[in-house]
Amino acid sequence: GDSAADPIARSVIARQAAELPIARCDTQRLVDALSGASTRDAGLRVLRNLLGALSVRHEDGAPINAAPWITVAIALPNLIATGWEGPIGALRLLLHILTDRNDATASEWRELGKVARAFLGIALDHPSARPQIAISFVGKTYDTDRAASRAALEPLLERARLDAFAEKDGPALANEIAPIIAADPGFAKVIYSTLFEYDLTDETSTSLGDSQILSLRSTRRQDYSIARYVLAEAFSAFLARDPVRAIEAMVAAVEAQAARETGADLDTATEVATIDGTFPLVEDRSFIWAWDIADSHPSDAEKLLQATVT
(Lines give C-alpha, C1' and ligand atoms only; values in the text may rest on other atoms or scores of the structure.)
Protein backbone atom coordinates (compact mmCIF):
# COMPACT_ATOMS: atom_id res chain seq x y z
CA GLY A 1 0.00 0.00 0.00
CA ASP A 2 3.02 2.32 -0.03
CA SER A 3 2.61 4.68 -2.99
CA ALA A 4 6.35 5.38 -2.90
CA ALA A 5 7.22 1.74 -3.59
CA ASP A 6 8.15 0.48 -7.03
CA PRO A 7 4.85 0.25 -9.00
CA ILE A 8 5.83 -3.00 -10.72
CA ALA A 9 6.66 -4.62 -7.40
CA ARG A 10 3.37 -3.39 -5.96
CA SER A 11 1.48 -4.84 -8.92
CA VAL A 12 3.19 -8.24 -8.66
CA ILE A 13 2.68 -8.46 -4.90
CA ALA A 14 -0.97 -7.44 -5.17
CA ARG A 15 -1.58 -10.02 -7.89
CA GLN A 16 -0.03 -12.80 -5.83
CA ALA A 17 -1.85 -11.70 -2.70
CA ALA A 18 -5.13 -11.84 -4.64
CA GLU A 19 -4.40 -15.32 -6.01
CA LEU A 20 -2.91 -17.15 -3.03
CA PRO A 21 -5.54 -16.86 -0.22
CA ILE A 22 -7.78 -19.92 -0.15
CA ALA A 23 -9.06 -20.24 3.44
CA ARG A 24 -11.22 -17.96 5.55
CA CYS A 25 -8.35 -17.32 7.94
CA ASP A 26 -5.94 -16.21 5.21
CA THR A 27 -7.29 -12.65 5.27
CA GLN A 28 -7.78 -12.36 9.03
CA ARG A 29 -4.56 -10.38 9.49
CA LEU A 30 -5.85 -7.86 6.98
CA VAL A 31 -9.13 -7.61 8.91
CA ASP A 32 -7.13 -7.11 12.11
CA ALA A 33 -5.22 -4.26 10.48
CA LEU A 34 -8.45 -2.67 9.28
CA SER A 35 -9.86 -2.93 12.80
CA GLY A 36 -6.97 -1.18 14.54
CA ALA A 37 -7.16 2.57 15.02
CA SER A 38 -3.46 3.02 14.24
CA THR A 39 -3.32 0.55 11.33
CA ARG A 40 -6.66 0.95 9.58
CA ASP A 41 -5.56 3.55 7.03
CA ALA A 42 -2.60 1.43 5.92
CA GLY A 43 -4.86 -1.64 5.92
CA LEU A 44 -7.33 0.14 3.68
CA ARG A 45 -4.59 1.07 1.21
CA VAL A 46 -3.55 -2.57 1.07
CA LEU A 47 -7.15 -3.70 0.59
CA ARG A 48 -7.66 -1.29 -2.29
CA ASN A 49 -4.54 -2.60 -4.03
CA LEU A 50 -5.69 -6.19 -3.52
CA LEU A 51 -9.15 -5.41 -4.87
CA GLY A 52 -7.58 -3.90 -7.97
CA ALA A 53 -5.78 -7.17 -8.63
CA LEU A 54 -8.91 -9.17 -7.73
CA SER A 55 -10.93 -7.09 -10.20
CA VAL A 56 -8.51 -8.00 -12.98
CA ARG A 57 -8.94 -11.70 -12.18
CA HIS A 58 -12.70 -11.23 -12.19
CA GLU A 59 -12.73 -9.45 -15.55
CA ASP A 60 -10.44 -12.13 -17.01
CA GLY A 61 -12.79 -14.88 -15.82
CA ALA A 62 -10.06 -16.42 -13.67
CA PRO A 63 -11.12 -18.52 -10.66
CA ILE A 64 -11.40 -16.74 -7.32
CA ASN A 65 -11.55 -18.42 -3.94
CA ALA A 66 -14.49 -16.64 -2.35
CA ALA A 67 -13.91 -17.79 1.22
CA PRO A 68 -11.06 -15.46 2.27
CA TRP A 69 -12.74 -12.45 0.71
CA ILE A 70 -16.03 -13.18 2.44
CA THR A 71 -14.09 -12.86 5.71
CA VAL A 72 -13.24 -9.30 4.69
CA ALA A 73 -16.74 -8.56 3.40
CA ILE A 74 -18.34 -9.64 6.68
CA ALA A 75 -16.03 -7.39 8.70
CA LEU A 76 -16.42 -4.18 6.69
CA PRO A 77 -20.06 -3.26 7.54
CA ASN A 78 -19.22 -3.37 11.24
CA LEU A 79 -16.23 -1.09 10.71
CA ILE A 80 -18.35 1.35 8.70
CA ALA A 81 -20.99 1.29 11.45
CA THR A 82 -18.42 2.80 13.83
CA GLY A 83 -18.47 5.96 11.72
CA TRP A 84 -15.48 5.17 9.51
CA GLU A 85 -16.65 5.77 5.93
CA GLY A 86 -13.30 4.89 4.32
CA PRO A 87 -14.13 1.25 3.44
CA ILE A 88 -17.48 2.01 1.74
CA GLY A 89 -16.02 2.02 -1.77
CA ALA A 90 -13.95 -1.10 -1.08
CA LEU A 91 -17.02 -2.98 0.19
CA ARG A 92 -19.02 -1.95 -2.86
CA LEU A 93 -16.33 -3.26 -5.21
CA LEU A 94 -15.87 -6.47 -3.23
CA LEU A 95 -19.62 -7.18 -3.33
CA HIS A 96 -19.69 -6.45 -7.05
CA ILE A 97 -16.99 -9.05 -7.64
CA LEU A 98 -18.37 -11.73 -5.31
CA THR A 99 -22.06 -11.45 -6.26
CA ASP A 100 -21.25 -11.47 -9.98
CA ARG A 101 -19.77 -14.96 -9.81
CA ASN A 102 -20.70 -18.50 -8.79
CA ASP A 103 -17.57 -19.31 -6.77
CA ALA A 104 -19.30 -19.19 -3.38
CA THR A 105 -20.80 -22.22 -1.67
CA ALA A 106 -24.44 -22.16 -0.55
CA SER A 107 -23.51 -21.13 2.98
CA GLU A 108 -21.10 -18.48 1.69
CA TRP A 109 -23.81 -17.15 -0.62
CA ARG A 110 -26.11 -16.73 2.37
CA GLU A 111 -23.37 -14.77 4.13
CA LEU A 112 -22.98 -12.57 1.07
CA GLY A 113 -26.71 -11.91 1.15
CA LYS A 114 -26.44 -10.68 4.71
CA VAL A 115 -23.54 -8.38 3.78
CA ALA A 116 -25.45 -7.11 0.73
CA ARG A 117 -28.43 -6.15 2.89
CA ALA A 118 -26.14 -4.43 5.38
CA PHE A 119 -24.50 -2.50 2.56
CA LEU A 120 -27.89 -1.32 1.26
CA GLY A 121 -28.66 0.04 4.73
CA ILE A 122 -25.33 1.86 4.67
CA ALA A 123 -25.95 3.19 1.18
CA LEU A 124 -29.36 4.60 2.08
CA ASP A 125 -27.64 6.68 4.76
CA HIS A 126 -24.66 7.56 2.53
CA PRO A 127 -25.82 8.45 -1.02
CA SER A 128 -22.18 8.57 -2.15
CA ALA A 129 -22.16 4.78 -1.68
CA ARG A 130 -24.46 4.60 -4.74
CA PRO A 131 -27.62 2.96 -3.37
CA GLN A 132 -28.73 1.82 -6.82
CA ILE A 133 -25.75 -0.53 -7.01
CA ALA A 134 -26.52 -1.74 -3.50
CA ILE A 135 -30.06 -2.57 -4.68
CA SER A 136 -28.58 -4.88 -7.32
CA PHE A 137 -26.58 -6.76 -4.67
CA VAL A 138 -29.72 -7.42 -2.63
CA GLY A 139 -31.58 -8.46 -5.77
CA LYS A 140 -28.93 -10.98 -6.75
CA THR A 141 -28.91 -12.51 -3.27
CA TYR A 142 -32.65 -12.13 -2.61
CA ASP A 143 -33.29 -15.85 -2.17
CA THR A 144 -30.73 -16.14 0.65
CA ASP A 145 -33.34 -14.74 3.07
CA ARG A 146 -36.58 -13.63 1.47
CA ALA A 147 -38.00 -11.93 4.55
CA ALA A 148 -34.82 -9.99 5.30
CA SER A 149 -34.30 -9.06 1.65
CA ARG A 150 -37.86 -7.80 1.38
CA ALA A 151 -37.43 -5.77 4.57
CA ALA A 152 -34.25 -4.25 3.16
CA LEU A 153 -35.93 -3.20 -0.10
CA GLU A 154 -39.30 -2.03 1.25
CA PRO A 155 -38.03 1.43 2.32
CA LEU A 156 -37.39 2.17 -1.36
CA LEU A 157 -41.16 2.08 -1.97
CA GLU A 158 -42.09 4.55 0.76
CA ARG A 159 -43.61 7.77 -0.53
CA ALA A 160 -40.92 10.07 0.87
CA ARG A 161 -38.17 7.98 -0.71
CA LEU A 162 -39.99 7.84 -4.05
CA ASP A 163 -40.50 11.59 -4.05
CA ALA A 164 -36.77 12.10 -3.63
CA PHE A 165 -35.22 9.25 -5.62
CA ALA A 166 -37.87 7.46 -7.72
CA GLU A 167 -36.06 8.09 -11.00
CA LYS A 168 -32.96 6.34 -9.61
CA ASP A 169 -34.35 3.68 -7.29
CA GLY A 170 -37.26 2.66 -9.53
CA PRO A 171 -35.20 1.45 -12.51
CA ALA A 172 -32.62 -0.16 -10.20
CA LEU A 173 -35.33 -2.12 -8.38
CA ALA A 174 -37.08 -3.05 -11.63
CA ASN A 175 -33.82 -4.45 -12.99
CA GLU A 176 -33.84 -6.99 -10.13
CA ILE A 177 -37.44 -8.09 -10.64
CA ALA A 178 -36.53 -11.50 -12.10
CA PRO A 179 -34.99 -13.00 -8.94
CA ILE A 180 -37.72 -11.35 -6.85
CA ILE A 181 -40.45 -12.91 -8.99
CA ALA A 182 -38.79 -16.30 -8.62
CA ALA A 183 -38.31 -16.09 -4.86
CA ASP A 184 -41.11 -13.85 -3.62
CA PRO A 185 -44.01 -13.19 -6.03
CA GLY A 186 -45.92 -11.47 -3.23
CA PHE A 187 -43.31 -8.73 -3.04
CA ALA A 188 -43.10 -8.64 -6.83
CA LYS A 189 -46.79 -7.72 -6.81
CA VAL A 190 -46.08 -4.88 -4.37
CA ILE A 191 -43.30 -3.58 -6.61
CA TYR A 192 -45.48 -3.67 -9.74
CA SER A 193 -48.44 -2.04 -8.01
CA THR A 194 -46.37 0.67 -6.34
CA LEU A 195 -44.24 1.66 -9.33
CA PHE A 196 -47.21 1.77 -11.69
CA GLU A 197 -49.40 3.68 -9.25
CA TYR A 198 -46.75 6.24 -8.32
CA ASP A 199 -46.64 9.06 -10.86
CA LEU A 200 -43.53 11.17 -11.35
CA THR A 201 -44.23 14.21 -13.53
CA ASP A 202 -41.16 16.24 -12.65
CA GLU A 203 -39.39 17.44 -15.81
CA THR A 204 -36.24 18.52 -14.02
CA SER A 205 -33.25 17.86 -16.26
CA THR A 206 -30.93 14.94 -15.47
CA SER A 207 -27.63 13.84 -16.97
CA LEU A 208 -27.09 10.62 -18.90
CA GLY A 209 -23.44 10.18 -17.99
CA ASP A 210 -20.51 12.53 -17.51
CA SER A 211 -19.16 12.66 -21.06
CA GLN A 212 -17.43 15.92 -21.99
CA ILE A 213 -17.78 15.07 -25.69
CA LEU A 214 -21.43 14.04 -25.99
CA SER A 215 -23.38 15.26 -22.98
CA LEU A 216 -26.86 13.73 -23.12
CA ARG A 217 -29.77 14.97 -21.02
CA SER A 218 -33.00 13.44 -19.80
CA THR A 219 -35.62 14.31 -17.19
CA ARG A 220 -36.68 12.73 -13.90
CA ARG A 221 -39.98 11.67 -15.49
CA GLN A 222 -38.26 10.00 -18.43
CA ASP A 223 -35.76 8.24 -16.17
CA TYR A 224 -38.56 6.89 -13.99
CA SER A 225 -40.45 5.58 -17.02
CA ILE A 226 -37.62 3.08 -17.54
CA ALA A 227 -38.79 1.25 -14.41
CA ARG A 228 -42.26 0.65 -15.84
CA TYR A 229 -40.81 -0.43 -19.19
CA VAL A 230 -38.55 -3.00 -17.53
CA LEU A 231 -41.41 -4.32 -15.39
CA ALA A 232 -43.68 -4.60 -18.44
CA GLU A 233 -41.04 -6.60 -20.30
CA ALA A 234 -40.75 -9.03 -17.36
CA PHE A 235 -44.49 -9.42 -16.81
CA SER A 236 -44.87 -12.65 -18.81
CA ALA A 237 -42.47 -14.36 -16.40
CA PHE A 238 -44.48 -13.02 -13.47
CA LEU A 239 -47.71 -14.27 -15.03
CA ALA A 240 -46.21 -17.74 -15.46
CA ARG A 241 -44.82 -17.80 -11.90
CA ASP A 242 -47.93 -16.62 -10.04
CA PRO A 243 -50.96 -15.82 -12.23
CA VAL A 244 -53.16 -14.59 -9.38
CA ARG A 245 -50.72 -12.05 -8.00
CA ALA A 246 -49.65 -11.01 -11.50
CA ILE A 247 -53.25 -10.29 -12.51
CA GLU A 248 -53.82 -8.35 -9.30
CA ALA A 249 -50.75 -6.25 -10.11
CA MET A 250 -51.98 -5.76 -13.67
CA VAL A 251 -55.37 -4.53 -12.47
CA ALA A 252 -53.71 -2.06 -10.11
CA ALA A 253 -51.49 -0.77 -12.93
CA VAL A 254 -54.34 -0.39 -15.39
CA GLU A 255 -56.60 1.32 -12.85
CA ALA A 256 -53.80 3.73 -11.97
CA GLN A 257 -53.36 4.63 -15.63
CA ALA A 258 -57.09 5.04 -16.14
CA ALA A 259 -57.41 7.39 -13.17
CA ARG A 260 -54.28 9.30 -14.15
CA GLU A 261 -55.05 9.80 -17.84
CA THR A 262 -58.83 10.11 -17.92
CA GLY A 263 -59.86 11.22 -14.44
CA ALA A 264 -62.10 8.16 -14.16
CA ASP A 265 -63.88 7.71 -10.84
CA LEU A 266 -62.95 4.14 -10.01
CA ASP A 267 -64.53 4.26 -6.57
CA THR A 268 -68.08 4.60 -7.88
CA ALA A 269 -69.91 1.53 -9.16
CA THR A 270 -73.28 1.41 -10.90
CA GLU A 271 -75.47 -1.64 -10.45
CA VAL A 272 -76.42 -3.04 -13.88
CA ALA A 273 -79.18 -5.60 -14.24
CA THR A 274 -78.70 -8.45 -16.74
CA ILE A 275 -80.47 -11.70 -17.45
CA ASP A 276 -77.85 -13.41 -15.32
CA GLY A 277 -78.23 -11.09 -12.38
CA THR A 278 -77.10 -7.67 -11.16
CA PHE A 279 -73.45 -6.72 -11.41
CA PRO A 280 -71.43 -3.63 -10.45
CA LEU A 281 -70.09 -1.61 -13.38
CA VAL A 282 -67.20 0.82 -12.91
CA GLU A 283 -66.90 3.46 -15.59
CA ASP A 284 -63.16 3.41 -16.23
CA ARG A 285 -63.39 5.18 -19.60
CA SER A 286 -61.50 2.34 -21.22
CA PHE A 287 -63.09 3.33 -24.51
CA ILE A 288 -60.44 6.09 -24.50
CA TRP A 289 -57.30 4.26 -23.44
CA ALA A 290 -58.01 0.58 -24.15
CA TRP A 291 -60.19 0.57 -27.22
CA ASP A 292 -57.69 -1.54 -29.19
CA ILE A 293 -56.32 -4.51 -27.26
CA ALA A 294 -54.00 -5.27 -30.19
CA ASP A 295 -52.48 -1.77 -30.18
CA SER A 296 -48.93 -2.09 -31.54
CA HIS A 297 -47.76 0.85 -29.42
CA PRO A 298 -49.32 0.22 -26.01
CA SER A 299 -48.40 2.00 -22.81
CA ASP A 300 -46.48 -0.02 -20.26
CA ALA A 301 -49.66 -0.68 -18.24
CA GLU A 302 -51.45 -1.79 -21.38
CA LYS A 303 -48.60 -4.22 -22.09
CA LEU A 304 -49.51 -5.98 -18.84
CA LEU A 305 -53.12 -6.23 -20.00
CA GLN A 306 -52.09 -7.53 -23.42
CA ALA A 307 -49.87 -10.20 -21.88
CA THR A 308 -52.77 -11.30 -19.68
CA VAL A 309 -55.49 -11.62 -22.30
CA THR A 310 -53.54 -12.66 -25.40
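Bear in mind that the values here come from a model prediction, so they are computed numbers and not experimental data.
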For a quick test of reading the model, state the closest non-hydrogen atom pair linking Ile70 to Glu108 and the distance between them.
CD1-CB, 3.3 Å

Exercise: identify the closest heavy-atom pair between Trp109 and Thr141:
CZ2-CG2, 3.7 Å

Apply salt bridge (charged side-chain N to carboxylate O under 4.0 Å, His left out) to the pair Asp199 and Arg221, showing each step before the final yes or no.
CA-CA 9 Å; Asp199 193 25; Arg221 178 190 60 79; over 6 Å; no

Can you name the ring-ring contact (aromatic ring centres under 6.0 Å, His included) partners of Tyr142, sequence neighbours left out?
none

Determine whether Leu124 and Val138 fall in the same hydrophobic cluster, where Ile, Leu, Val, Met, Phe, Trp and Tyr are linked whenever their side-chain heavy atoms lie under 4.5 Å apart.
yes

Quick check: is Leu304 connected to Val251 through a chain of hydrophobic side chains (ILVMFWY, heavy atoms under 4.5 Å apart)?
yes

Is the backbone N or O of Ala166 less than 3.5 Å from a side-chain atom of Arg161, with the two atoms forming a donor-acceptor pair by type?
no

For a quick check under 3.5 Å, do Ser205 and Arg217 share a side-chain donor-acceptor pair by atom type?
yes

Ignoring hydrogens and angles, state whether a donor on the side chain of Glu271 or Thr278 is under 3.5 Å from an acceptor on the partner side chain.
no

Is the shortest heavy-atom distance from the side chain of Tyr224 to the side chain of Leu195 under 4.5 Å?
yes

Between Asn65 and Asp103, is a side-chain contact (heavy atoms from CB on, under 4.5 Å) present by the stated rule, with each step listed?
CA-CA 7 Å; Asn65 291 306; Asp103 301 299; over 6 Å; no

Which word best sums up how the rings of Phe235 and Phe238 line up, parallel for under 30°, tilted for 30 to 60°, or perpendicular for over 60°?
perpendicular

Yes or no on side-chain contact (heavy atoms from CB on, under 4.5 Å) for Phe196 and Gln257, after CA distance, side-chain angles and deciding distance?
CA-CA 8 Å; Phe196 273 94; Gln257 177 177 312; over 6 Å; no

Which one of Leu153, Ile177, Ile181 satisfies the side chain to side chain contact (heavy atoms under 4.5 Å, CB included) criterion with Phe187?
Leu153

side-chain contact (heavy atoms from CB on, under 4.5 Å) assessment of Thr71 paired with Asp26:
CA-CA 9 Å; Thr71 297; Asp26 288 345; over 6 Å; no

Tell me whether the count of non-hydrogen atoms from other residues, nucleotides or ligands lying under 6.0 Å of NZ in Lys140 goes above 12.
yes

